[in-house]
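Report on the following structure.
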Amino acid sequence: MKRILLYPALVLLLCACGGSRKTVTTPSAIEVPASKYKDGKGIDRKLASRLEKEARTWIGTKYKYGGETKRGTDCSGMVMSVFRDVAKIKLPRSSAEQQKFCKPVKKDNIAPGDLVFFSSSKKGRVTHVGLYIGNGDFIHASSSKGVMISNLSQDYYVRHFHSAGRVPSLKTSGSNQAQQKEDKPRSIDKNESVPAAKKEVRREEIIPEKQAPVPTPAPIIVTETIRVVERIVDTVYIPAPNPPVSDKKTPVDTLKASTGNEADSMRASVRKAMKF
């Protein structure tokens with residue numbers, strides 16, 4: 001039964017800020033002189049502001065080794081929860097792994113939204129982490145006072161400062177500023193001479209001028225004399241033999257003969273009558 005109860009305790013111990021059972025003791029909140037830190041160019045300002053706003057809601061949460069909720073949390077648990085809820089990025093659980101996950105940032109270039117790491121180990125291993133919010137301040141989970149705001153100029157953090165890092169895949173403010181400069185129109189002074197714009201011509205944009213259609217030449221008519229040669233061929237006519245005369249009279253011949261005789265007799269009768 002004792003072995004079963006010890007198992008969850010071991011899991012919690014392995015999830016501490018530095019991944020070891022030893023609790024890191026950090027100083028409580030004391031009055032800190034105004035910091036002389038100058039923030040560098042970091043992640044997008046709006047995103048950094050959202051991260052800070054979420055982290056401030058954790059202030060006052062009690063310290064709990066291996067915790068990651070507002071009922072109790074350690075340093076890496078709070079940082080992991082803030083980035084998960086605001087930036088939808090899953091960070092490693094321990095502060096040492098978070099330091100390896102981030103891109104290194106020089107101390108004089110730390111900007112809001114970056115992570116600051118500290119070491120109280122003789123071997124120089126990372127044992128503590130906080131969220132930098134600007135002007136030297138950072139939000140972290142102190143083992144003695146819980147989640148609070150401290151400053152990098154405090155003697156303890158000056159002596160135990162390890163490194164700073166920037167969570168990858170976050171939009172940087174430098175890219176936004178450059179984009180804004182490009183989009184912002186440049187104001188021209190009245191006295192300033194405006195150079196003539198260079199005419200850029202691309203090969204693919206050159207359009208050849210339309211040429212006038214070439215008129216089709218009229219067809220040339222050439223008169224040509226054609227010489228016709230007539231060839232006369234002699235024709236020999238051979239008369240056909242007459243058909244034989246038949247003594248027999250056909251009915252037609254008989255009719256012609258009788259009709260002729262009647263006509264002659266009538267003519268003769270008319271002549272006689274005219275004489276009288």
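Along the sequence shown, the residues carry numbers beginning at 1. When reading the values below, keep in mind they use all heavy atoms of this one structure, side chains included, and skip hydrogens, waters and symmetry mates.
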Practice task
Determine, for K107 against D114, whether the closest basic-nitrogen to carboxylate-oxygen distance falls under 4.0 angstrom.
Solution key: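 Judged by the 4.0 Å cut-off on N to carboxylate O distance, K107 and D114 do not form a salt bridge.
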Exercise for the section: Decide, yes or no, whether a salt bridge links R56 with E52 under the criterion of side-chain N to carboxylate O below 4.0 Å. Expected result: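 A salt bridge is present here (some side-chain N lies under 4.0 Å from a carboxylate O).
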Distance from [X] atom [atom1] to [Y] atom [atom2], nearest 0.5 Å?
| X | Y | atom1 | atom2 | value |
| --- | --- | --- | --- | --- |
| L91 | Q99 | CG | CD | 13.0 Å |
| H128 | F118 | NE2 | CZ | 6.5 Å |
| I133 | S49 | CD1 | OG | 10.5 Å |

Problem - CA sep, side-chain torsions, deciding dist, call: H140, Y157, ring pair (Phe, Tyr, Trp, His ring centres under 6.0 Å) - result: CA-CA 12 Å; H140 66 116; Y157 297 110; 5.5 Å; yes
Exercise for the section: Would you check, one step at a time, whether the test ring pair (Phe, Tyr, Trp, His ring centres under 6.0 Å) holds for F101 with F83? Expected result: CA-CA 13 Å; F101 181 80; F83 274 86; 9.3 Å; no
Exercise for the section: Take L115 and L131 through the test side chain to side chain contact (heavy atoms under 4.5 Å, CB included) and record every step on the way to the result. Expected result: CA-CA 5 Å; L115 299 181; L131 175 66; 4.0 Å; yes
Side chain [X], main chain [Y], donor-acceptor under 3.5 Å:
| X | Y | answer |
| --- | --- | --- |
| S76 | R93 | yes |
| R50 | V86 | yes |
| N151 | S153 | yes |

If you compare all heavy atoms of [X] against all heavy atoms of [Y], which two are closest, and at what distance to 0.1 Å?
| X | Y | answer |
| --- | --- | --- |
| A111 | R166 | CB-NH2, 4.1 Å |
| W58 | E68 | CH2-O, 3.5 Å |
| P92 | E97 | CB-CB, 3.4 Å |
| V147 | M78 | CG1-SD, 3.7 Å |
| Y156 | S120 | OH-CB, 4.4 Å |
| F138 | Y132 | CB-CA, 3.8 Å |

Problem - Step-by-step side chain to side chain contact (heavy atoms under 4.5 Å, CB included) determination, L51 to I43 - result: CA-CA 11 Å; L51 291 171; I43 65 173; 3.8 Å; yes
Problem - Atom CZ of R71 with >12 non-hydrogen neighbours under 6.0 angstrom - result: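 Open: at most 12 neighbouring heavy atoms sit under 6.0 Å from CZ of R71.
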Practice task
Decide if atom NZ of K53 counts as having more than 12 heavy atoms of other residues, nucleotides or ligands within a radius under 6.0 Å.
Solution key: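 Counting neighbours around NZ of K53, 12 or fewer heavy atoms of other residues, nucleotides or ligands fall under 6.0 Å, so no.
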Handout entry: Flag for T127-S121: side-chain donor and acceptor within less than 3.5 Å
Key =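 No - no donor-acceptor pair under 3.5 Å links their side chains.
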Practice task
Starting from the C-alpha separation in whole Å, work towards a yes-or-no answer on side chain to side chain contact (heavy atoms under 4.5 Å, CB included) for V79 and Q98.
Solution key: CA-CA 9 Å; V79 171; Q98 289 175 0; 3.9 Å; yes
Problem - T69/K64 under side chain to side chain donor-acceptor pair (under 3.5 Å): CA gap, chis, key distance, verdict - result: CA-CA 9 Å; T69 66; K64 182 180 179 181; over 6 Å; no
Exercise for the section: Starting from the C-alpha separation in whole Å, work towards a yes-or-no answer on side chain to side chain contact (heavy atoms under 4.5 Å, CB included) for S81 and T73. Expected result: CA-CA 10 Å; S81 299; T73 184; 5.9 Å; no
Using a 4.5 Å cut-off on heavy atoms from C-beta on, say whether the side chain of [Y] contacts that of [X].
| X | Y | answer |
| --- | --- | --- |
| K103 | P168 | yes |
| L170 | I89 | yes |
| Y63 | D74 | yes |

